[in-house]
Every structure is written in C-alpha cells, then in structure tokens.
Amino acid sequence: MKTPEQVRLEQGMRFIQIPGPNPILRPAEEPEAWDSSILECCGVLRDGASGWSDEDSAETYYLYYHARTRDADSWGGRAGYRLGVASAPHPLGPWTKHDGNPVIDLGDEGSWEDGWVACAAVLKEGEDSYYMWYNGNGYIGLATATHPLGPWTKHPDNPVHELYSYISGVVQRDGKYYMYAEYPIGENSPDQGPFVLLTAERPEGPWTAHDGLRPVLAPDGWGTWEDGGYSESGVLYHDDMFHMFYGATKWHKLESIGYAYSFDGVDWHKHHGNPVGDRHRDP
C-alpha cells in the first residue's frame, strides 16, 4: 500500500502527450542500408559533450536504436539487428542519423553475438567516459567510448552476463549499478515479459541477480492495458528517485507507454494515470 506521501507525490506528476512531429526516425529507403527494415528505439542520452563539431558543443540528445536490413546479401547474408545512433538539438528533433552507423555490429560467425545486437542502454560517467550495455543473441555485453557517437570498443570479457534477456535500462546510484531487463522473454506474450533486476559494483560486473530473478515490475492482470508484458524502457535516477518509462502491451502487441517510480530501485509504484503515452491518442 502506498503511503500518503507517495500518493501526494504521484498526484503531482502530470504528463503531456505531444502527438508529433512523428515519426521522428524512419527506416532508410535504400534496401541495402543496414536500417532499411524494422527500426526500434533503445534509449536516449542527454549530453553536453564537445570536441566533434560546433553543433556538438551545446546540449545534444542521442537516440540509440536497433534496426535490420531488407537486403541481407549486402551484409554478408546476415540481416540481424545492429545498433545505431541519431542526434538532435531538442527532443522533438530534427534527428540526424550518425554517418558512422552501425556503431555496434554483429560479432564474427560462431561468436556469442553473431545473430543480432540490440537493446542498448548508455550511461555517462565522468567527463568523457561512456558505457553501453547491450544484448547479443540475448546475452549481455558491454562497450565503452569517449563520446556518445563512439567509436565504441567492446569489452574483452564479453558477454559480461549470460542471462538470456532484453536490457531495458541501466542507472548508477552511490557507486552501485542497477540493470533492468525483460526476463523471461515471452513470459506474458510472444515477445514481452516482466522486468528483473541485476546489480553490480563495476560496469563489467560481476552482476548479481536480485532476489533470485523475482520480477521487480510485473504486468497487471488479464484485461488491463499492459497484460501482455513489457519490452524496452527508459530508466533514470533523478532527484533521489528512480524513474522508469516502459513500453507495455496487451497480448496482441500494440504498445503504449507507462510510468513507474521507486525510491530504492526495487519497490516500484505504477502511475495512477497509466498509460501516460497512449498509442490511441497519437494519430
């Protein structure tokens, strides 16, 4: 049960759904492009990094996404997801795809990440230190860079964890890393499930499953807007609170966006006005 303080806090949270300009990012028109087919958002980083261009010296937003190609032959016969990034001076855009995409490519054939790489979660630490956690064939890898655009260097000990999952977000509080991931994949509908928590003292781990992989956020009952489970989410730690904006669906996989908050990263409270981003309200 929520305390009176939590109820007052939640009632003070108001969200405005902006119906455009959408879509902000489209698949490439050329079939041979790496991102000419399905394109999905992983997460967004707001940063004031400098050193690449005059435009880059001001505050910039970086959107990380995974995508597939329609022309596998142009990519060695492998059409799996790859990771790219786009940047913009404002959340509403305009968004520009990075010329160096994909920033994370598939591994060598026979490796742990030879089929697909996706679900990037990026965190900045220090002046020029960036960490990206991502999934390769479902397992968890780590890459590092000195700029949000890369180049990204894969960690030599990848995968850093072999939990077969989809990463939804990573935050750091007081030297401890909190990684949220969809697990088990397909628990509630064909590609969605609950969120579990892994923690570590270092970006590369070792990562420890919280409470035996018991979900920290699980879908509500059948018939609700989120009964089909969760996929990607954005997680941040701000003003002494954890905040999560998550994609949730009914079983037939038409997703809207919900919001939840936590004071300790473990006990989460869903917003009373969910979904705060309703697909039916966006033409």
Side-chain angles (χ1 to χ4, degrees), residues 37-43 64-68 78-84 102 104-107 110-122 132-143 158-171 177-200 205-222 224-235 244-258 260 265-266 268 270 274-275 279:
S37 183
I38 300 171
L39 185 155
E40 299 179 335
C41 177
C42 302
Y64 298 87
Y65 65 99
H66 52 252
R68 300 169 58 100
R78 295 192 289 170
Y81 285 110
R82 292 168 168 85
L83 280 161
I104 297 287
D105 207 341
L106 305 181
S111 71
W112 70 279
E113 55 181 354
D114 63 352
W116 56 270
V117 290
C119 305
V122 178
M132 176 194 290
W133 293 267
Y134 66 96
N135 287 119
N137 293 359
Y139 302 117
I140 300 171
L142 173 66
N158 277 344
V160 295
H161 201 288
E162 295 189 352
L163 179 70
Y164 188 78
S165 61
Y166 294 154
I167 297 173
S168 65
V170 180
V171 296
Y177 295 87
Y178 296 73
M179 176 185 293
Y180 300 91
E182 179 200 335
Y183 175 86
I185 297 173
E187 171 81 0
N188 300 98
S189 60
D191 205 39
Q192 279 77 21
F195 286 146
V196 299
L197 172 63
L198 303 174
T199 60
W207 289 89
T208 301
H210 172 74
D211 196 17
L213 292 175
R214 185 183 183 91
V216 294
L217 194 70
D220 291 332
W222 182 257
T224 63
W225 73 278
E226 59 170 28
D227 61 20
Y230 313 136
S231 56
E232 291 87 354
S233 75
V235 186
M244 180 187 293
F245 293 90
Y246 58 94
T249 181
K250 295 190 68 63
W251 194 91
H252 47 69
K253 197 178 179 181
L254 295 173
E255 296 181 55
S256 293
I257 299 173
V266 176
W268 287 87
K270 297 175 183 178
N274 279 341
R279 58 176 295 275

Between [X] (side chain only) and [Y] (backbone N and O only), is there a donor and an acceptor less than 3.5 Å apart?
| X | Y | value |
| --- | --- | --- |
| Q192 | G228 | no |
| K250 | T224 | yes |
| D227 | D220 | no |
| N135 | V117 | no |
| N158 | G141 | no |

* Taking only residues two or more places apart in sequence or in another chain, which ones pass side-chain contact (heavy atoms from CB on, under 4.5 Å) with L197? -> Y178, Y180, T199, H210, V216, V266

* Check step by step if side chain to side chain contact (heavy atoms under 4.5 Å, CB included) holds for Y64 and Y134. => CA-CA 11 Å; Y64 298 87; Y134 66 96; over 6 Å; no

Say you draw a straight line from [atom1] of [X] to [atom2] of [Y]; how long is it, rounded to the nearest 0.5 Å?
| X | Y | atom1 | atom2 | result |
| --- | --- | --- | --- | --- |
| R68 | R78 | CZ | CZ | 13.0 Å |
| M179 | L163 | CE | CG | 9.5 Å |
| E232 | I167 | CD | CD1 | 11.0 Å |
| L198 | S165 | CG | OG | 7.0 Å |
| I104 | M132 | CD1 | CE | 5.0 Å |
| C42 | W133 | SG | CH2 | 14.5 Å |

* I would like to know whether Y139 and H161 meet side chain to side chain contact (heavy atoms under 4.5 Å, CB included); could you show each step before the answer? => CA-CA 6 Å; Y139 302 117; H161 201 288; over 6 Å; no

* Asked: Any idea how W116 and Y166 line up, ring-wise: parallel (<30°), tilted (30 to 60°), or perpendicular (>60°)?
  ->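 Answer is perpendicular, since the angle exceeds 60°.
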
* Can you tell which of E182, E255, E40 makes a side-chain hydrogen bond (donor to acceptor under 3.5 Å, both in side chains) with S231? -> E255

* Asked: Can you tell if the side chain of W225 reaches within under 4.5 Å of the side chain of N274, non-hydrogen atoms only?
  ->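 The answer is yes; the side chains approach within 4.5 Å.
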
* Asked: Does a side-chain heavy-atom distance below 4.5 Å link P159 with I140?
  ->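 When only atoms from C-beta onward are counted, I140 and P159 do not touch, as no gap falls below 4.5 Å.
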
* Asked: Residues in ring pair (Phe, Tyr, Trp, His ring centres under 6.0 Å) with Y230, at least two apart?
  ->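 Per chain and number, Y230 pairs via ring pair (Phe, Tyr, Trp, His ring centres under 6.0 Å) with F195, Y246.
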
* Asked: So S233 and M244, side chain to side chain contact (heavy atoms under 4.5 Å, CB included) or not? Walk me through it.
  -> CA-CA 7 Å; S233 75; M244 180 187 293; 3.9 Å; yes

* To do: Might you work through the side chain to side chain contact (heavy atoms under 4.5 Å, CB included) test for L106 and D114, ending with a clear yes or no?
  => CA-CA 5 Å; L106 305 181; D114 63 352; 5.8 Å; no

